[in-house]
Amino acid sequence: MKEAYFPQEIEKKWQKKWEETGVFKTPEDSDKPKYYALSMFPYPSGKLHMGHVRNYTITDVIARFKKAQGFNVLHPMGWDSFGLPAENAAMKHGADPAKWTDENIAYMTKQLKMLGLSYDWDREVATCKPEYYKWTQWLFLQLYKKGLAYKKEAAVNWCDKCATVLANEQVIDGKCWRCDSVVEKKYLSQWFLKITDYADVLLKDLDKLEGWGDNVKTMQANWIGKSHGAIFKFKVKEIPDMEVPVYTTRPDTVHGITYLVVAPEYKDIEKLTTPENKHSVEEYRANARKMTEIERLSNDRVKTGVPLGTHCINPFNGEEFPLWTADYALVEYGTGAVMAVPTHDTRDFEFAKKYNLPLKVVISPKDKTLDVAEMTDAYTEEGVLINSNEFDGLKNTDAKKAITEKAVKKGFGEFKTQYRLRDWLISRQRYWGAPIPIVYCDKCGIQPVPEDQLPVLLPKDVDFSVVGKSPITTSKTFIETTCPVCGSPAHRETDTMDTFICSSWYYLRYADAKNDKKPFDKDLVNKWLPVDQYVGGIEHAILHLLYSRFFTKALRDLGLLDFDEPFKNLLTQGMVLKDGSKMSKSKGNTVDPDEIFENYGADTARLFILSDSPPARDFDWSDAGVEGCYKFLNRVWRLISSNADNISLDIPEIKAGMLKSKQNDDLVRVVNMAIKGITNDISNDFQFNTVISKYRELTNAIYEWRGAKKELDEEDKLVLSYAIVSLIKLMSPVAVHLTEEAWHELGGQGSIHEQDWCKWDEDLAKASSMTLVVQVNGKVKDKIEVDEGVSQDEMKEHALNSEKVQNAISGKTVIKTIVVPKKLVNIVVK
RNA sequence: GCCCUUGUGGCGGAAUCGGUAGACGCGUUGGACUUAAAAUCCAAUCGGGGCUCAACCUCGGUGCCAGUUCAAGUCUGGCCAAGGGCACCA
């Protein structure tokens, strides 16, 4: 074995060898239990960044650990390869997005292989390939046939820079998630998926996801935004037969309504406006239209509105109140109209104060009476109803139900559960995506492309230089087609699908990646799924993870699979930082993985990225830290190479009491404790940082042991072999190349990555002596080495015999003595 | 405003059940080896106080304030701060 550690040399050698021997392929005919480890697949942007390195290393170590523990592990990789950057590159350089994408995939594949990741490359998928998107289109058609995909005209989010619409989930603070430009509202006819049909079950099933963090689950719950309330219908005084329904979560305050607000885009607003108010209402609406979402939603904006001139009648008490329009009412939520109770709602209060609308108290707090003239804020807490006729005296929490029941009985209201979640807008006016397989015929209307005509291929005769519209619309060969029903000339849908559709089912395809008859075989998917461990960034907490859950449930309802949640356990890894802030090109604080591979090797990169922080926390990259890990691997290497002559892989079982030397006994104990600790640390929440500190402790212990020995006898050699081989095996999921090289240099057969995980023996991990901690009044006074098996009485005796303890308790009365077996004695004195 | 997460040395972070706070590493300081450097190895490293120095002794210390307990980083209540999510959602 060479004296010096040359990572670049051994890493290349083993990567080649592993590819040749196919160690990381996942057999289908195994009788071992299955384990599916998955990283969120990357967008092929060009090069790996450190976030990728962290993500894939974490999953890789998990996969290797599970494999060593006897699982048949599925650990695949693929490419989320549709999307705008490829198209933008195409526009800029006049290149084909497919070519740009393929080149990036090739480069990044090379990098992934350099990292030594244990993927089964036979199962690789790329969402932009026809053999994949054929099935994306097929799945769309199944959803369409089930009524879960539909087209409608709606106010949608439009990003002018990307020249396409966006889903609600892709608008962050009123800006485009990709390019950060301000999003506008446009009225367009677009394709949607009916995710709202699943709102309730998506919320409810979050409870089943015990292996998900609370942060992600609450983010999803908030996004779905379920609320309970009532719909009340109000007759319009000036217009017979006309009603304005409102949704409220506070039916208990219904007797306190003093006005009603409809959104500027409310469908019946023109009818509800009197001729005298027409002008001001029109002006207000025009203004609202011009405003961007950001301006409109801004928090510190003063509320504005104008009266419509008409009035509604409160069916509970006959009171009349005016109708207004104000942009704090949202057309897309509830009914688009709000009953306003200024005394008990902060927004209504602010608005009423500004426009001098009346206030009426209907909920009274327990300890005081509210005086309208003195109120500076709405009272939104609990209380007892007043000014509410027969409901006076009821607790407001009880009144919600009672009042709604009255409305139901009298026919002017109903109970209502409302969700914040909107349907998923999936059309994109872009080229580089899966074409929506729909044809428009003048005679037959909207027609799905027959399944045997899939895939609808992306055209090649496309002009990427067009501005303001999708490049795909420049292809005549694509647009012009015939109607699948009547055969007359027709045109194709030019919108492509949101790339999040493609990524909503890729994890299913890995189970049966090469199937050309269907998206996947039901039995294979049922066998491998759900994913046992999913690892990825927190930025997908809502988007990808919610969509995938929806897809899984919808596909189950279509009978394509038998489970209802795709990801059993979810690990959201923290960001990789440099100097305390996120790595970014604009800040110039990026670290190129290629440079790290070249200077230190992949094993150092893998070790370091796992070493300093637990996976879920942010990780601060430091050059000194990399250096430290590289030094450690060198230290491990020297330990092995300098002792190679004395190490044999033929290690007889070591049993408690078998060894003559106490030093050897101690080292064996350290090894067993390391095996136990490392195994537990990986099993509990993948605490790789403490795993690595235990590698170091074990290495230090072996060095220390070796330093104390001059000549090695047979027993010493056995113990040394046991310690070093255990270290190599324990380190094999992380330092994948170094340990493989060492394994072979020591005469090992096959691959270290096919060896069973180390087992520990409780008897060997047990120390013959223990440190007895003695406290007086809870403060540590002494530590005494005692035999491991001492009785509680003996512990007490040892404690009282201590000189330090005697000093501390002299002149005082012992009240009681607490003995914690195998740990400590606490003497309480006064 | 509501919700989630996190607060421990100079830094990253350890500490199954409440039971030795600061494992392991980074950094720093000192030393060994060397003509020298690199590499490597050894030692020290929470703060205050006592002792001529050291060994040692002693007090305080896990965001803050209370509480429960023989014993609290860990449990309970109330605050504070940072990060993230949602947000005129009626």
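Convention: sequence-line order gives letters A, B, ...; per-chain numbering from 1.
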Point to revise | Base-paired stems in RNA chain B, each at least three Watson-Crick or G-U pairs under 3.5 Å | key: B:1-7 with B:80-86, B:10-12 with B:24-26, B:27-32 with B:40-45, B:46-50 with B:56-60, B:63-67 with B:75-79

Practice item. Using side chain to side chain donor-acceptor pair (under 3.5 Å) as the criterion, list what pairs up with A:N700, not counting sequence neighbours. Key: A:R635

Point to revise | Note: A:E3-A:R638 ion pair, threshold 4.0 Å (strictly below) | key: no

Check your understanding: Considering residues at least two apart in sequence or located in another chain, which fulfil the side chain to side chain donor-acceptor pair (under 3.5 Å) criterion with A:T679?
Key -> A:W757

Tell me which donor-acceptor pairs under 3.5 Å the side chains of residues 224-231 of chain A have, and how far apart each pair is, sequence neighbours excluded?
residue, atom, partner, partner atom, Å
A:K226, NZ, A:D200, OD1, 2.7
A:S227, OG, A:Y247, OH, 2.8
A:S227, OG, A:Y333, OH, 3.4

Practice item. Report the distance from atom CG of A:N680 to atom C1' of B:A14, rounded to the nearest whole Å. Key: 16 Å

**Study point:** Nearest-Å distance for atom pair NZ/C1', residues A:K779 and B:G60
**Key:** 9 Å

**Study point:** Sub-6.0 Å ring centroid separation between A:F351 and A:W324
**Key:** yes

Review point. Using a cut-off of 4.0 Å between protein heavy atoms and nucleotide atoms, how would you tag nucleotides 3-9 of chain B 5' to 3' with B, S and -?
Key: SSS-S--

Check your understanding: Please give, in whole Å, the distance from B:A14 P to A:N689 CG?
Key -> 5 Å

Check your understanding: Looking for any heavy atom pair under 4.0 Å, which part of the strands does A:S611 touch: base, sugar-phosphate only, or nothing?
Key -> nothing

**Study point:** Criterion side-chain hydrogen bond (donor to acceptor under 3.5 Å, both in side chains) on A:T771 and A:E785, from CA distance to verdict
**Key:** CA-CA 5 Å; A:T771 309; A:E785 278 303 305; 2.7 Å; yes

Check your understanding: Which pairs, with at least one residue in residues 611-628 of chain A and sequence neighbours excluded, count as a side-chain hydrogen bond (donor to acceptor under 3.5 Å, both in side chains)?
Key -> A:Y600-A:E627

Exercise for review: Starting from P on B:C2, measure out to CZ on A:R420 and report it in whole angstrom.
Suggested key: 18 Å

Exercise for review: Please identify each residue that fulfils side chain to side chain donor-acceptor pair (under 3.5 Å) with A:S791, with sequence neighbours left out.
Suggested key: A:E794

Review point. NZ of A:K226 versus P of B:A87: gap in Å, rounded?
Key: 19 Å

Exercise for review: Determine whether the aromatic ring centres of A:F608 and A:F619 lie less than 6.0 Å apart.
Suggested key: yes

Point to revise | Salt-bridge criterion met for A:D345 and A:R250 (N-O under 4.0 Å) | key: no

Study note, to complete from the structure: Between CZ of A:F688 and P of B:A14 the distance, given in whole Å, is 14 Å

Exercise for review: Kindly say if A:S227 contacts the phosphate of B:A90, meaning a side-chain N or O under 4.0 Å from OP1 or OP2.
Suggested key: yes

Point to revise | Protein-to-nucleotide contact annotation, 5' to 3' order, nucleotides 68-77 of chain B [B base; S sugar-phosphate only; - none; under 4.0 Å, heavy atom] | key: --BS------

Exercise for review: Using the side-chain hydrogen bond (donor to acceptor under 3.5 Å, both in side chains) rule, collect all pairs that involve residues 214-224 of chain A, keeping only residues at least two apart or in two chains.
Suggested key: A:E169-A:W223, A:Q220-A:R549

Review point. A:R696 CZ to B:A23 P: how many Å, rounded?
Key: 14 Å

Exercise for review: For A:W760 and A:E762, run side-chain hydrogen bond (donor to acceptor under 3.5 Å, both in side chains): C-alpha distance rounded to whole Å, both residues' side-chain angles, the deciding distance at 0.1 Å, then the answer.
Suggested key: CA-CA 6 Å; A:W760 75 90; A:E762 276 301 337; 3.2 Å; yes

Exercise for review: Using a cut-off of strictly less than 4.0 Å between a heavy atom of the residue and any atom of RNA chain B, enumerate the qualifying residues of residues 629-641 of chain A by number.
Suggested key: A:K631, A:R635, A:R638

Practice item. Give a yes/no answer on whether the side chain of A:Q687 brings an N or O atom under 4.0 Å of OP1 or OP2 in B:U16. Key: no

Practice item. Send over the distance from A:N684 CG to B:A15 P, rounded to a whole Å. Key: 10 Å

Revision key, fill the gap. Residues at least two apart in sequence or cross-chain that pass side chain to side chain donor-acceptor pair (under 3.5 Å) with A:K804, listed by chain then number, are none

Check your understanding: Can you list the residues that meet the ring pair (Phe, Tyr, Trp, His ring centres under 6.0 Å) rule with A:F316, with sequence neighbours excluded?
Key -> A:F232, A:H255, A:F412

